[in-house]
Amino acid sequence: MELIFATHNQHKLEEVKQMLPQNIQFKSLTEINFHDEIEETGDTFKENARIKAQTIYQKTGVHVFADDSGLVIEGLNGAPGVYSARYAGTGKSEDNIAKVLEEMKGIENRKAYFIAVFCLILNGEEHFFEGRVNGTISTEILGADGFGYDPIFIPEGYTESFAQMTAEQKNSMSHRGRAVEQLNHYLTNINV
Ligand code: ITT
């Protein structure tokens with residue numbers, strides 16, 4: 001079966017590749033030679049996941065899935081949310097992190113969660129899978145691994161940030177890990 005992962009984010013690609021079993025393989029957008037930006041005009045993770053998956057499905061007619069994800073911070077009324085990738089406006093993770101730490105100054109409630117919504121289009125039909133992980137926002141940068149907001153997110157029950165964990169550790173509890181688990185379960189059960 002041919003399956004495309006509709007993302008331009010190499011980190012997502014690597015994480016999902018590590019998590020999906022060998023028998024489920026996918027092609028990246030680079031491999032299918034698709035380099036255009038897909039405009040994320042939705043107000044929700046679900047809508048944006050659908051937009052990305054549908055854009056590639058309309059172009060190729062091939063089975064496809066997309067991941068829309070982000071960090072939701074209680075004390076910032078849900079920001080950066082669907083704007084996580086472009087929060088500081090530069091597209092750079094360091095700037096996004098700096099903006100969050102700045103805006104969190106003086107805010108006591110540091111609770112947050114990461115969410116990933118996957119949209120799978122299989123035989124033209126849409127299926128959605130969602131994963132979440134609760135945690136808190138640290139007061140400083142912790143660790144250098146991972147990507148995005150990993151250096152400031154400490155998952156519940158731990159003292160290390162995602163950027164201080166191994167990829168396996170992060171994947172075992174992350175929002176994306178949980179969404180991939182469901183995707184895998186679905187694909188395995190329908191025997192593709
Ligand atoms: P694609 O749309 O091409 O998949 P993107 O990076 O633009 O790539 P999103 O629109 O879903 O993806 O934005 C997700 C952003 O949320 C991402 O750029 C990070 O800043 C953040 N994010 C998502 N998952 C994360 C994770 O596991 N660790 C750290 N930050 C994460």
Side-chain angles (χ1 to χ4, degrees), residues 4-19 26-32 34-56 64-73 76 78-101 112-120 128-138 141-155 158 160-181 183:
I4 298 169
F5 182 13
T7 182
H8 286 302
N9 184 320
Q10 290 306 311
H11 303 282
K12 288 184 184 178
L13 210 60
E14 282 309 312
E15 287 189 358
V16 174
K17 207 171 262 174
Q18 275 189 27
M19 288 185 274
F26 59 81
K27 284 196 169 148
S28 66
L29 291 182
T30 314
E31 283 171 287
I32 64 158
F34 182 93
H35 302 286
D36 299 348
E37 264 302 307
I38 303 173
E39 222 188 313
E40 297 178 28
T41 50
D43 294 328
T44 62
F45 294 103
K46 189 174 175 180
E47 278 175 64
N48 285 332
R50 177 193 279 129
I51 289 169
K52 290 186 261 193
Q54 280 292 356
T55 302
I56 299 306
V64 55
F65 69 97
D67 159 326
D68 199 63
S69 45
L71 180 64
V72 177
I73 304 175
L76 296 182
V82 290
Y83 303 106
S84 291
R86 41 198 156 128
Y87 194 43
T90 62
K92 287 190 189 162
S93 293
E94 309 90 89
D95 297 340
N96 289 338
I97 287 177
K99 182 166 177 180
V100 166
L101 291 180
Y113 63 86
F114 266 125
I115 176 170
V117 176
F118 280 22
C119 175
L120 166 72
F128 293 91
F129 309 99
E130 182 184 307
R132 285 187 192 210
V133 56
N134 290 323
T136 51
I137 302 300
S138 59
I141 288 170
L142 301 171
D145 288 340
F147 73 101
Y149 298 92
D150 281 347
I152 56 167
F153 183 83
I154 302 173
Y158 294 80
E160 294 174 316
S161 77
F162 269 171
Q164 293 174 306
M165 295 183 172
T166 61
E168 290 71 23
Q169 237 181 327
K170 177 186 169 188
N171 291 344
S172 73
M173 68 185 89
S174 77
H175 49 313
R176 185 162 299 103
R178 288 172 178 164
V180 167
E181 217 171 273
L183 172 71

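Indexing begins at 1, ligand by ligand and atom by atom, following the structure's order.
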Q. Can you list the steps and then say if L29 with I4 is a side chain to side chain contact (heavy atoms under 4.5 Å, CB included)?
A. CA-CA 7 Å; L29 291 182; I4 298 169; 4.1 Å; yes
**Q.** Residues that T90 engages under side chain to side chain donor-acceptor pair (under 3.5 Å), provided they are two or more places apart
**A.**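 By the side chain to side chain donor-acceptor pair (under 3.5 Å) rule, T90 matches D95.
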Q.
Can you list everything that forms a side chain to side chain donor-acceptor pair (under 3.5 Å) with S172? Sequence neighbours excluded, please.
A.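 Applying side chain to side chain donor-acceptor pair (under 3.5 Å) to S172 gives none.
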Q. Would one find more than 12 heavy atoms of other residues, nucleotides or ligands at under 6.0 Å from atom CD of E39?
A.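 Result for CD/E39: open.
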(Q) For ligand 1, give me the residues whose heavy-atom distance to it is below 4.0 Å, by chain and number please. (A)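 Contacting ligand 1 under 4.0 Å are T7, H8, N9, K12, E40, K52, D67, D68, S69, G70, S84, A85, F114, F147, G148, Y149, D150, K170, H175, R176.
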Q: Classify the ring geometry between H175 and F114 as parallel (under 30°), tilted (30 to 60°) or perpendicular (over 60°).
A: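 Because their plane-to-plane angle is under 30°, the rings of H175 and F114 count as parallel.
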Q: Go through the structure and list residues passing side chain to side chain contact (heavy atoms under 4.5 Å, CB included) with E181, not counting sequence neighbours.
A: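 So E181 forms no side chain to side chain contact (heavy atoms under 4.5 Å, CB included) with any residue.
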